[in-house]
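Okay, structure first, notes after.
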Amino acid sequence: MGGFPITIGQPPRYTGAVPKAVDLVVIGGGIIGICTALFAARGGARVVVLEKGLVAAEQSSRNWGWIRQQGRDPDEIPIMSEAQRIWEDLSRETNAQIGLIQAGVTYLAKDEAAISRYENWLPNARANGLSSKVITAAELGRLYPDMAERPLAALHTDTDYRAEPWVAVPALAEIAVREGVQIVEHCAVRCLDITNGKVAGVVTEKGRVAAPRVVLAGGAWSSLFLRNHGVALPQLSVRSQVAATEPVADVGQSAGSASKLSFRRRADGGYTLAPKGPSELFVGPDAFRALPGFITQLRSDPFGCMLKPYAPKGFPDAWGTKRHWRGDEQTPFERMRILDPKPVPAKMAKLVRDFAALFPQLGAVKLKASWAGMIDTLPDIVPVVDHTPIEGLIVGTGMSGHGFGIGPAMGRILADMAAGRQTGHDMTRFRFSRFTDGTNMVLGPDI
Ligand SMILES: Cc1cc2nc3c(=O)[nH]c(=O)nc-3n(C[C@H](O)[C@H](O)[C@H](O)COP(=O)(O)OP(=O)(O)OC[C@H]3O[C@@H](n4cnc5c(N)ncnc54)[C@H](O)[C@@H]3O)c2cc1C
């Protein structure tokens with residue numbers, strides 16, 4: 001790993017023509033799209049995944065690699081528990097070393113209020129049989145013996161996992177292909193083909209694909225895609241920056257969230273770090289449109305978001321990004337094959353210094369690489385996984401910064417939804433209509 005491991009300079013691995021007709025088109029080759037396709041193929045469907053850039057080049061490789069039940073919305077917990085079982089199965093089905101390890105997740109309490117928030121969330125964990133508990137400073141000391149920060153307590157789930165995102169998601173794509181899924185990279189879906197008010201397929205930059213069902217798993221691009229069809233989804237994206245250290249001594253296996261930063265040990269012996277602090281929103285037309293939906297979130301955490309005046313050219317919510325196009329026109333999707341926001345070097349250098357200060361016995365720690373990702377989020381910080389007002393179009397998006405861990409189960413659910421099967425979970429919380437049906441906004445847990 002020198003720079004970021006998946007870049008636009010790499011040749012696509014999955015090339016070729018698009019199929020003429022399939023049972024299911026999946027838009028987007030992130031974890032949600034790949035897992036949807038895998039489970040749809042297991043259910044007997046002919047499936048194609050169409051990816052404008054490369055598999056797992058956006059959020060699904062750029063994330064921290066935490067596979068956590070801890071701190072989840074109560075309605076996500078049973079889905080997340082299923083996801084962990086699927087992760088175990090899939091890690092056995094691939095020959096790649098995806099680094100799946102059950103080393104736990106730990107949130108250090110910065111004050112009494114944080115401990116109260118943890119205590120308030122614990123009944124959700126107990127109701128679902130999770131092992132989460134508030135641990136004492138002494139127990140925390142056993143997890144991280146040499147940590148300089150000594151909080152009163154921490155929330156800890158020893159059964160949570162981690163994995164290596166940029167290895168894992170391409171490995172899941174390989175399983176999907178082995179099981180009959182076709183993937184076409186460098187193939188933007190420009191728009192839906194709608195006949196008599198129903199989905200009849202998609203129009204891509206490489207031609208038309210007929211299909212009665214389409215799953216949109218476009219991550220940060222989903223609302224832009226929907227808007228072109230007159231469907232509004234109040235989805236925004238925030239920049240999140242990440243640094244990877246060179247290999248260092250093992251200071252703790254459990255992924256941790258401390259006062260200044262979060263850290264997670266990688267398979268190569270380095271740590272993946274992320275700074276604490278507000279998320280960064282590049283303000284564009286969608287931010288203004290979506291603002292009313294986000295009021296509850298802003299009220300609950302007024303300093304949780306730092307506004308930047310405009311997004312770099314070509315970003316989904318940049319001022320100059322086209323909002324409407326036809327199937328025979330080039331679209332914003334093919335103009336930006338990989339959404340690759342830049343990290344701020346000084347911030348990344350400070351992040352590594354903060355990590356070294358948290359574990360002083362490490363001495364000087366070297367930065368190996370840094371990157372950023374645009375996290376797609378919805379006003380209540382939980383995803384939408386549902387049929388849309390367009391018959392035949394199903395959407396799985398807005399994973400709100402926690403879709404890597406839950407991705408395999410959300411994919412399984414989306415595949416079942418597309419096939420008209422029962423999903424096995426109560427998906428009311430994740431319905432498409434919740435932003436317009438007059439119900440009160442209920443924010444996901446902020447712990
Ligand atoms: C820095 C960071 C840290 C995170 N940490 C964690 C974590 O520790 N644990 C966790 O669970 N989650 C984490 N997340 C969140 C997680 O990565 C995402 O929720 C998840 O990867 C979303 O997957 P996705 O498939 O929906 O989207 P993506 O991975 O973004 O994939 C969407 C894909 O759709 C493609 N696409 C879009 N439009 C089109 C089109 N029209 N035609 C063709 N292709 C299209 C895009 O090119 C892209 O590849 C983090 C995210 C970031 C950025």
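We count ligands from 1, going down the list as the structure has it; atoms in each ligand are counted the same way. Position 1 is the first residue of the sequence, and the numbers go up from there. Remember, predicted model here, so these are calculated numbers, not experimental data.
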Give the numbers and elements of all ligand 1 atoms closer than 4.0 Å to a heavy atom of [X].
X	answer
Gly405	10 (C), 11 (O)
Gly65	8 (O)
Ala217	32 (C), 33 (C), 34 (O)
Ser240	1 (C)
Ala188	42 (N), 43 (C)

[X]: heavy atom below 4.0 Å from ligand 1, yes or no?
X	answer
Pro165	no
Leu50	yes
Ala220	no
Gly401	yes

Pair [X] + [Y]: basic N to acidic O under 4.0 Å:
X	Y	result
Asp158	Lys133	no
Glu174	Arg13	yes
Asp380	Arg434	yes
Glu82	Arg412	yes
Glu164	Arg266	no
Asp416	Arg421	yes
Glu280	Lys342	no
Arg337	Glu58	no

Quick one: do the Arg162 and Gln253 side chains pair a donor with an acceptor below 3.5 Å? yes
How about Thr331 and Glu334: does a side-chain donor come under 3.5 Å of a side-chain acceptor?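 The criterion, which ignores hydrogens and geometry beyond distance, is satisfied for Glu334 and Thr331.
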Polar proximity ligand 1 side, [X] side, N/O cut 3.5 Å exclusive:
X	value
Gln59	yes
Ile27	no
Cys187	no
Leu54	no
Trp64	yes

Does NZ in Lys276 sit with more than 12 non-hydrogen atoms of other residues, nucleotides or ligands closer than 6.0 Å?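 Check passes, neighbour count above 12.
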State whether the number of non-hydrogen atoms from other residues, nucleotides or ligands found under 6.0 Å of Gln97 atom CD is greater than 12. no
Set out, in order, the CA-CA distance, both residues' side-chain angles and the distance that settles salt bridge (charged side-chain N to carboxylate O under 4.0 Å, His left out) for Asp89 and Arg85, then state yes or no. CA-CA 6 Å; Asp89 292 343; Arg85 292 192 294 274; over 6 Å; no
Which segment of [X] sits under 4.0 Å of ligand 1 when only heavy atoms are counted:
X	value
Ile31	both
Phe404	both
Leu339	neither
Val242	side chain
Ala56	neither
Trp221	side chain

Looking only at protein heavy atoms, which one is nearest to atom 2 (C) of ligand 1, and how far off is it?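 The protein heavy atom lying closest is Asn63 CA, 3.6 Å.
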So which heavy atom in the protein is nearest atom 34 (O) of ligand 1, and how far is it from that ligand atom?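 Minimum-distance protein heavy atom for atom 34 (O) of ligand 1 reads Gly28 CA, 3.2 Å.
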Using heavy-atom distances only, which candidate in Ser60, Ala274, Pro316 approaches atom 21 (O) of ligand 1 most closely? Ser60
